[in-house]
Amino acid sequence: MSDTQREMHAQSMSELAAGLDRGDFTSVELTRSLLDRIGKLDEKLNAFITVTAEAALDAAARADKARAAGEGDVLNGLPIVHKDIFCTRGVKTSCGSKMLNNFISPYDAAVVEKLAGAGAVVLGKSNMDEFAMGSSNETSYFGPVKNPWDLSCSPGGSSGGSAAAVAARLAPAATGTDTGGSIRQPAALTGTVGIKPTYGRVSRYGMIAFASSLDQAGVITRTAEDAARLLGVMAGFDERDSTSIDQPVPDYIGALKESLKGLRVGIVRQHFDEGLDEACGVTVKDAIAVLESLGATTVEVDLPNLDLSVPTYYVVAPAECSSNLSRFDGVRFGHRAENAEDLLDLYCRSRGEGFGDEVKRRIMTGTYVLSAGYYDAYYLKAQQVRHLIADDFKQAFAAVDVIVGPTAPSPAFKLGDKMDDPITMYLNDIYTIGANLAGLPAMSIPCGFVDGLPVGLHLVGAHFAEETLLRCSHQYQQATDWHTACPEDFR
Ligand code: GLN
């Protein structure tokens, strides 16, 4: 079948861009067809919190007009979805929480602004774990998201709505955020591509903060090429984010073509030790063999402090979240309890009613590790270990260009399976958290199936080596077709 005959929803963003350019369809037609699919199929998935149909069709009409006039930027008329953590002007921005269920943002996040500026059409806001805390999308106030590959399984989290929407062909791309793995782990569990750029590469302005020193915005797509296209628009300096880094944005698409000859790929032995599902391990090793056949050489690298990354993260992230979430008190921000007796009662009840269990658990842990008397033993210690982990990566990147391994310890797990056991849930991010602690760019791409469920290959690069990750992924996708697989009920 030629591209023009393939159904619109089956096409990648780059294919859709070409289709729009050729005049095979208009953005209004494309947008309408995806809105129809969302209307028909999302009740199975619960991937959306809000669908912005009217605004999407208006934006699509504007994009068609611009195209007809020979104008329009790189994303002109292309549909996307935003994780509901990004502030969107005039639209509910809930962050997956009852606390913000009534919040209509008065302004756009930098990411939202930039993508709209390049012509993207926003279909709606995707479901997510409450305040991005979770690995299964089950902590959302709006109910769990289902995995399109098996509706009884989790799509991962916290960007599970974004990942499910892209995997089920309800949208070609979606934004996400990643504090400890929330773009990459759901990408792995749904057979999509997810990239978390270097800390500071994309502005966090207007992205509701969870753990500010770890949070980064990124995208979920079906191809590395689409990720490159979107990242090129999203990346760049923003004076409204004091941690944004002023570095030129490279031509990510231009960099994709270069071969992998001579690329030094690091393999971490501990990644394949106990804890990893055996069949997943085999799948990941097969993917590494493909990279070798494309000209890459593999080198074993050591990350001696890697096993400390999960405990370190679960001190740093709760500490920062306890501070960030203190603003939701029912007075300045968020849900307000009714009939409070006094101010303290208002604070306590508003927070008690507005936050779910996992968020409360994190706030309590965070408050504890920051409290006088425990600060040195926990928070300071965690920051020191964080430096050791970052140093391990620095040493490793003296010898290799990219580190590859599994994204998650297993394929998608059943909804409900891990909810009563936070520690097992936290271990889901064992391979992804290191990149956040060290501020490094990292990516997950589909590399096979185990028992009919997708498996992800994880790639980590040195600071600002997004080009290497994208190129490596693109070359892998030129040689394989895992990324083209589509769950049966969503073809
Ligand atoms: N699963 C991790 C957590 O629960 C990471 C979440 C994220 O990256 N936002 O904190």
Side-chain angles (χ1 to χ4, degrees), residues 49 83-85 93-103 127-145 154 156-161 177 179-182 207-215 310-375 378-379 382 415-429 433:
I49 291 176
K83 183 176 182 179
D84 209 17
I85 197 169
T93 300
S94 74
C95 219
S97 182
K98 179 178 178 188
M99 187 54 100
L100 289 176
N101 192 24
N102 59 5
F103 175 57
N127 201 347
M128 55 179 284
D129 277 300
E130 185 177 11
F131 284 100
M133 299 174 199
S135 307
S136 69
N137 235 284
E138 290 166 290
T139 72
S140 170
Y141 173 63
F142 302 91
V145 178
S154 161
S158 65
S159 312
T177 61
T179 304
S182 275
M207 185 176 117
I208 296 173
F210 160 13
S212 309
S213 77
L214 301 160
D215 299 340
V310 172
T312 303
Y313 173 89
Y314 278 99
V315 171
V316 175
E320 294 184 14
C321 102
S322 72
S323 162
N324 274 326
L325 270 56
S326 65
R327 74 191 65 173
F328 302 108
D329 56 9
V331 178
R332 291 172 300 165
F333 293 99
H335 166 82
R336 177 178 296 189
E338 281 174 20
N339 306 322
E341 280 165 23
D342 53 27
L343 187 61
L344 187 62
D345 187 46
L346 176 72
Y347 287 157
C348 293
R349 293 207 353 241
S350 298
R351 287 169 71 78
E353 290 167 15
F355 290 135
D357 289 350
E358 183 60 27
V359 171
K360 286 178 187 159
R361 184 180 292 130
R362 306 271 178 121
I363 292 175
M364 286 191 284
T365 314
T367 308
Y368 179 81
V369 300
L370 287 176
S371 56
Y374 294 107
Y375 182 90
Y378 295 108
Y379 188 67
L415 285 161
D417 255 15
K418 301 191 182 188
M419 271 311 262
D420 298 329
D421 184 359
I423 305 287
T424 318
M425 188 69 97
Y426 295 170
L427 283 172
N428 250 286
D429 300 319
I433 275 175

Will you find, in the side chains of [X] and [Y], an N or O donor that is under 3.5 Å from an N or O acceptor?
{"X": "Ser136", "Y": "Asp129", "value": "no"}
{"X": "Thr424", "Y": "Lys418", "value": "no"}
{"X": "Ser94", "Y": "Asn101", "value": "no"}
{"X": "Thr139", "Y": "Glu130", "value": "no"}
{"X": "Asp215", "Y": "Thr177", "value": "no"}
{"X": "Asp329", "Y": "Ser350", "value": "no"}

Phe103 and Phe328: aromatic ring centres closer than 6.0 Å?
->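 For Phe103 and Phe328, the ring centres are not under 6.0 Å apart.
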
Test side-chain hydrogen bond (donor to acceptor under 3.5 Å, both in side chains) applied to Ser212 and Glu320, step by step = CA-CA 7 Å; Ser212 309; Glu320 294 184 14; 4.9 Å; no

More than 12 foreign heavy atoms under 6.0 Å from [atom1] of [X]: is that the case here?
{"X": "Asp357", "atom1": "CG", "answer": "no"}
{"X": "Tyr379", "atom1": "OH", "answer": "yes"}
{"X": "Asp420", "atom1": "CG", "answer": "no"}

According to the interplanar angle, ranging from 0 to 90°, do the rings of Tyr314 and Tyr426 count as parallel (below 30°), tilted (30 to 60°) or perpendicular (above 60°)?
-> parallel

Expected output: side-chain Lys360 to main-chain Gly352 donor-acceptor under 3.5 Å = yes

Any side-chain heavy atom of Tyr374 sitting closer than 4.5 Å to one from Val369?
->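 Side chain of Tyr374 against side chain of Val369, heavy atoms only: no contact under 4.5 Å found.
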
With sequence neighbours excluded, tell me which residues meet side-chain contact (heavy atoms from CB on, under 4.5 Å) with Thr367.
-> Ser322, Ile363

